[in-house]
Amino acid sequence: MESINAKYVSQKISKTRWRPVSHSSLQQPDIFATGSWDNELNKISFWSIGSHGGSAMEDGFEGDPQLLCEHKHDGDVLDLQFLDQDRIVTASSTGAVTVFRHHQNSQTVSVVQHWTRAHRYPCDNAPCTGVVCSSPEIVTVGEDGRIIVFRADQEGVIRVIENADSSTIHAVTYLRTTEILTVNSIGQLKLWDIRQQSNSPSQILSLSGDRVPLHCVDRHPNQQHIVATGGQDGMLCVWDVRQGNAPFSLMEAHSAEMWEVHFHPTNPDHLFTCSEDGSLLHWETSSHSDMPSFLQGGRNSSIMSRSAMAPAGGNQSLISAWLSGDSSKGRLETSHMLPSQTLSVNSLDVLGQCLVCGTDGEAIFVNRQVSV
């Protein structure tokens, strides 16, 4: 915990995201964005943790994150995703979807695309609850049960799946280039092929028994059939979408709602979760000996190209530690990454050795020495 910097920002932080870094460079991320919620005036903000303008971070003595620029945001920021290194997309409680551009030379922010009331009920706005980007494509989901596909370079909407869900869709992520995953408020995980004209999911997986709402989803970066979700009861669920319709394993993680789950993008033996209970957990599988070398991580993993990763669908012989049965629970190590908190940790993001999270305690925490 000694390497964590806390920055108090006088606003509740709903989302935090690192700006992507070039895969060809070895630099650590140095700029992140935040979105706020439940404030009189909400905003998106861009922050630097490096000596701004320098090519890379120095030895980590720079201190607190420094505010670069900010822009007002109508409604609560319910999700936030970088489209590329300069543009970021927000999902609003007003139902709007907005693309902002961060002008790094002048340190200003401008609106470059805005879809008002993209998500709506017949007589009112419906919150847009989640967004995922694969430039130039943007996919959003909402409380209205709709899935909408946009292109950042077009004003119109590309596709709408009107009645994708009869309940609130809480989050969305890509499974593969043309497939997305959504999670909803009745404990279902749905797969959609957005190239197909069908308005029905290609697969539905669900929690058995009580229909516990699922709030967040992330897929393993190398083995796309492995998916992690978290929900209302604080449980971490790991799914194998190739087999069966129920989670492969359930692990007690938090004592309240889990708001986000993220595999480390280049070392997926590490996974991170955050919760309403004020905790941020680092999960690590310790079965390195029987893992293929490219899943073991280490310093070389950060320079591996995506093309060297397991193919979509995965090589059947590569059994992830996340799917190695009940014994894997004994090989999972968890550690708390924050000093004791009382208010919700709403969002986290991890890239390289850097982790950032945002809280209802009006604080941003940055750790630049994550052990992965």
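The structure presented is a predicted model; accordingly, all values stated were derived computationally and were not measured.
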Would you check if the distance from the ring center of [X] to the ring center of [Y] is below 6.0 Å?
| X | Y | result |
| --- | --- | --- |
| Trp283 | Phe272 | no |
| Phe32 | Trp18 | yes |
| His270 | Phe263 | no |

Does the side chain of [X] come under 3.5 Å of the side chain of [Y] through a donor N or O and an acceptor N or O?
| X | Y | result |
| --- | --- | --- |
| Gln197 | Arg159 | no |
| His282 | Thr334 | no |
| Trp322 | Thr285 | no |
| His103 | Ser110 | yes |
| His215 | Glu257 | no |
| His102 | Gln85 | no |
| Trp192 | Thr182 | yes |

With Tyr174 as partner, the option from Gln224, Glu137, Arg219 fulfilling side-chain hydrogen bond (donor to acceptor under 3.5 Å, both in side chains) is Glu137

May I ask you to check whether over 12 heavy atoms, not counting those of [X], lie within 6.0 Å of atom [atom1]?
| X | atom1 | value |
| --- | --- | --- |
| Asn163 | CG | no |
| Asp277 | CG | yes |
| Tyr121 | OH | yes |
| Glu252 | CD | no |

Of all heavy-atom pairs between Leu236 and Val261, which one has the smallest distance, and what is that distance? CD1-CG2, 4.0 Å

Where do Cys354 and Gln28 come nearest, in terms of heavy atoms and distance? SG-OE1, 3.7 Å

Mind running side chain to side chain donor-acceptor pair (under 3.5 Å) on Thr273 and His254 for me, showing each step along the way? CA-CA 9 Å; Thr273 60; His254 298 277; 2.8 Å; yes

CD1/Ile138 to OG1/Thr98 distance, rounded to the nearest 0.5 angstrom? 10.0 Å

Should Ser93 and Trp37 be marked as a side chain to side chain donor-acceptor pair (under 3.5 Å) after you check the CA-CA gap, both sets of side-chain angles, and the distance that decides it? CA-CA 9 Å; Ser93 59; Trp37 83 290; over 6 Å; no

Salt-bridged, [X] to [Y], with N to O below 4.0 Å?
| X | Y | answer |
| --- | --- | --- |
| Asp79 | Arg17 | yes |
| Glu179 | Lys190 | no |
| Glu362 | Lys12 | no |
| Arg242 | Asp240 | yes |

Could you tell me whether a side-chain N or O of Arg120 sits under 3.5 Å from a main-chain N or O of Arg117, the two making a donor and an acceptor? yes

The test is side chain to side chain donor-acceptor pair (under 3.5 Å); show your working for Glu143 and Thr168 and say whether it passes. CA-CA 4 Å; Glu143 202 175 277; Thr168 298; 4.8 Å; no

Thr34 and Trp47: side chain to side chain donor-acceptor pair (under 3.5 Å), yes or no, with the steps? CA-CA 8 Å; Thr34 60; Trp47 307 81; 3.0 Å; yes

